[in-house]
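Here is the structure we will look at, set down as structure tokens.
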Amino acid sequence: MVEPNYMADIVGVFGFPVAENPTGVMQNAAFQALGLNWRYLNFEVTAEHLAAAVQGMRALNNFRGVNLTIPHKVAVLSCLDEIAPSAQVIGAVNTVRREGDRLVGENTDGKGFMRALGDDADIDATGVHAVVLGAGGAARAITVELALAGAGAITVVNRSVERGETLARLLNEQTRARADFVAWQGRYRVPEGVDLLINATSIGLYPNVNDTPELDFDSVTPGMVVCDVIPNPPSTPFLRQAAARGAATIDGLGMLVYQGAIAFKMWTGYDAPVEVMHQALAAEFGE
Ligand code: NDP
């Protein structure tokens with residue numbers, strides 16, 4: 001006879017607002033595919049209650065980890081026992097895992113991007129010149145991981161000068177990559193010799209599906225790999241225009257799935273069923 005165990009392991013996301021966060025769709029599909037008695041839930045946590053929510057997690061032994069979304073990715077750092085090295089440089093945590101009694105902060109956003117680059121496009125980041133459009137949380141996570149993986153040069157292109165300069169300074173001071181900043185005014189022309197072009201802005205995110213970053217698409221060449229962080233819809237006008245110029249493309253849905261797959265492995269110890277997770281999210285996004 002099998003011993004009964006009615007105690008599910010719990011993971012989830014703390015955020016506010018959080019009702020529309022779709023991560024649970026792919027994580028729960030993955031738990032089901034592997035026959036794990038785990039559940040992923042969305043927890044509405046306001047900024048003033050974040051520390052109490054994390055403290056509560058400590059008391060619940062079968063609460064195995066959590067994702068953080070707006071507005072908690074930076075504030076959570078002071079609630080944890082340890083921050084992984086890349087999350088420290090990024091200055092933000094999107095995943096917490098338990099290590100015994102300790103809570104460890106990780107950032108899987110940039111790691112998901114790197115896995116999409118390596119697994120889906122067979123790109124080694126060593127020595128590449130990357131241009132990243134945007135300087136917010138996603139741009140920070142991606143550029144730090146690229147730099148730590150050995151990227152040679154990173155050009156940060158951003159509308160707000162202060163935010164862009166801050167990111168370029170961070171990369172120069174805390175990594176070995178050479179970073180520069182270009183203020184984004186009008187149609188940006190991608191310089192020659194660029195290997196990777198990444199849209200890390202929120203331009204094109206549902207429901208504004210026709211919005212496109214202001215770019216001279218004739219400066220996109222067939223040798224470039226062009227990536228978009230927008231997961232919904234995965235096919236953006238930015239990627240379609242780049243593909244029309246012969247560039248290889250990587251969409252944001254893959255990155256989102258991989259960052260979830262990395263968290264899944266951190267929590268459960270099992271390799272994530274990436275294809276199952278991809279299908280679950282694509283169906284959710286109506287693809
Ligand atoms: P932030 O708010 O931190 O940053 C947004 C960035 O977009 C800023 O650089 C901002 O520029 C820029 N931006 C927004 N609108 C415009 C515009 N009209 N013109 C020029 N620049 C603009 O957001 P995040 O970095 O957290 O998220 C960005 C996107 O990444 C979101 O769409 C999110 O869904 C996606 N994302 C995807 C992930 C994935 O796994 N696929 C993971 C994490 C995020 P400025 O500084 O000038 O305001």
Side-chain angles (χ1 to χ4, degrees), residues 13 15 17-18 20-23 25-27 67-75 86-87 90-95 106-117 119-120 131-146 154-168 170-171 181-188 198-215 226-239 249-264 272 274 277-278 281-282 284-285 287:
V13 55
V18 80
E20 291 182 7
N21 189 303
T23 306
V25 170
M26 67 172 166
Q27 296 292 1
N67 286 135
L68 287 309
T69 188
I70 291 171
H72 303 315
K73 284 188 180 184
V74 176
S86 65
I90 295 163
V93 160
N94 78 334
T95 302
E106 302 268 0
N107 195 311
T108 64
D109 282 338
K111 289 182 170 36
F113 172 82
M114 295 304 291
R115 185 153 161 201
L117 214 56
D119 285 14
D120 295 349
V131 168
V132 60
L133 309 174
R140 247 176 126 90
I142 288 170
T143 53
V144 166
E145 295 291 352
L146 271 173
I154 297 175
T155 301
V156 177
V157 180
N158 199 50
R159 179 180 60 179
S160 137
V161 171
E162 196 191 333
R163 227 167 166 195
E165 281 181 343
T166 302
L167 178 54
L170 171 96
L171 294 168
F181 166 67
V182 175
W184 196 352
Q185 289 157 341
R187 287 203 306 165
Y188 176 72
I198 305 151
N199 173 36
T201 72
S202 42
I203 302 169
L205 186 66
Y206 180 85
N208 303 312
V209 297
N210 294 319
D211 289 0
T212 312
E214 265 201 82
L215 195 79
V226 178
C227 318
D228 204 330
V229 295
I230 300 298
N232 183 21
S235 171
T236 57
F238 174 73
L239 289 184
T249 60
I250 297 181
D251 68 40
L253 178 57
M255 175 183 162
L256 187 63
V257 169
Y258 283 131
Q259 67 76 31
I262 293 165
F264 182 95
V274 170
M277 296 168 84
H278 193 281
L281 259 193
E284 187 65 18
F285 294 156
E287 284 296 305

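Counting from 1, the numbers follow the sequence of the chain as shown. Order of appearance sets the numbers: ligands from 1, and atoms from 1 within every ligand.
Residue-level proximity to ligand 1 for N158 is carried by the side chain, the only part with a heavy atom below 4.0 angstrom. At a heavy-atom distance under 4.0 Å, atoms from both the backbone and the side chain of L256 approach ligand 1. Here I203 has side-chain heavy atoms under 4.0 Å from ligand 1, and that is the only part of it that gets that close.
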Side-chain donor/acceptor pairs under 3.5 Å, residues 206-213, sequence neighbours excluded:
{"unit_1": "T212", "atom_1": "OG1", "unit_2": "N210", "atom_2": "O", "d": "3.4"}

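In this structure, atom 12 (C) of ligand 1 has protein heavy atoms in its sub-4.0 angstrom surroundings. Within the 4.0 angstrom cut-off, atom 23 (O) of ligand 1 has no protein heavy-atom neighbours.
Proximity to G137 (heavy-atom distance under 4.0 Å) selects the following atoms of ligand 1: 3 (O), 24 (P), 25 (O). Close approach of ligand 1 to G134 (heavy-atom distance below 4.0 Å) involves ligand atoms 9 (O). Those atoms of ligand 1 with a heavy atom of L205 less than 4.0 angstrom away are 32 (O). Under a 4.0 Å criterion applied to the non-hydrogen atoms of I230, ligand 1 contributes the atoms 32 (O). Listed by number with element, the atoms of ligand 1 under 4.0 angstrom from any heavy atom of A138 are 24 (P), 25 (O), 26 (O), 30 (O), 44 (C).
The protein heavy atom nearest to atom 29 (C) of ligand 1 is T201 O, 3.6 Å. Looking only at protein heavy atoms, the nearest one to atom 42 (C) of ligand 1 is D109 OD1, 3.6 Å. Of all protein heavy atoms, the one lying nearest to atom 14 (C) of ligand 1 is S202 OG, 3.4 Å.
Between V229 and ligand 1, an N or O atom pair is found at a separation short of 3.5 Å. For the pair R163 and ligand 1, the shortest N or O to N or O distance falls below 3.5 Å. For a threshold of 3.5 Å applied to N or O pairs, the pair formed by A200 and ligand 1 contains no separation below that value.
Atoms CZ and OG1, from F113 and T143 in turn, are 10.0 Å apart once rounded to the nearest 0.5 Å. Taken to the nearest 0.5 Å, the CG atom of L146 stands 5.0 Å off from the CD1 atom of I198. Atoms CD and CE, on Q259 and M26 in that order, are 5.0 Å from each other to the nearest 0.5 Å.
Minimum heavy-atom separation, N158 to G134: OD1-CA, 3.3 Å. The two residues R163 and A135 make their nearest non-hydrogen contact at O-CB, 3.8 Å.
D228 pairs with exactly one of I203, L239, L205 by the side-chain contact (heavy atoms from CB on, under 4.5 Å) rule, that one being L239. Results of the side-chain contact (heavy atoms from CB on, under 4.5 Å) test with V13 over L68, T23, N67 single out N67 as the only residue that passes.
Taking 4.5 Å as the limit, some side-chain heavy atom of D109 sits within range of a side-chain heavy atom of K73. With contacts defined as side-chain heavy-atom distances shorter than 4.5 Å, the pair L170/R140 qualifies.
Between atom 47 (O) of ligand 1 and the options A135, G254, S160, the minimum heavy-atom separation is to S160. Between K73, R159, R140, it is R159 that holds the heavy atom closest to atom 17 (C) of ligand 1.
With sequence neighbours left out, Y258 forms a ring pair (Phe, Tyr, Trp, His ring centres under 6.0 Å) with no residue at all.
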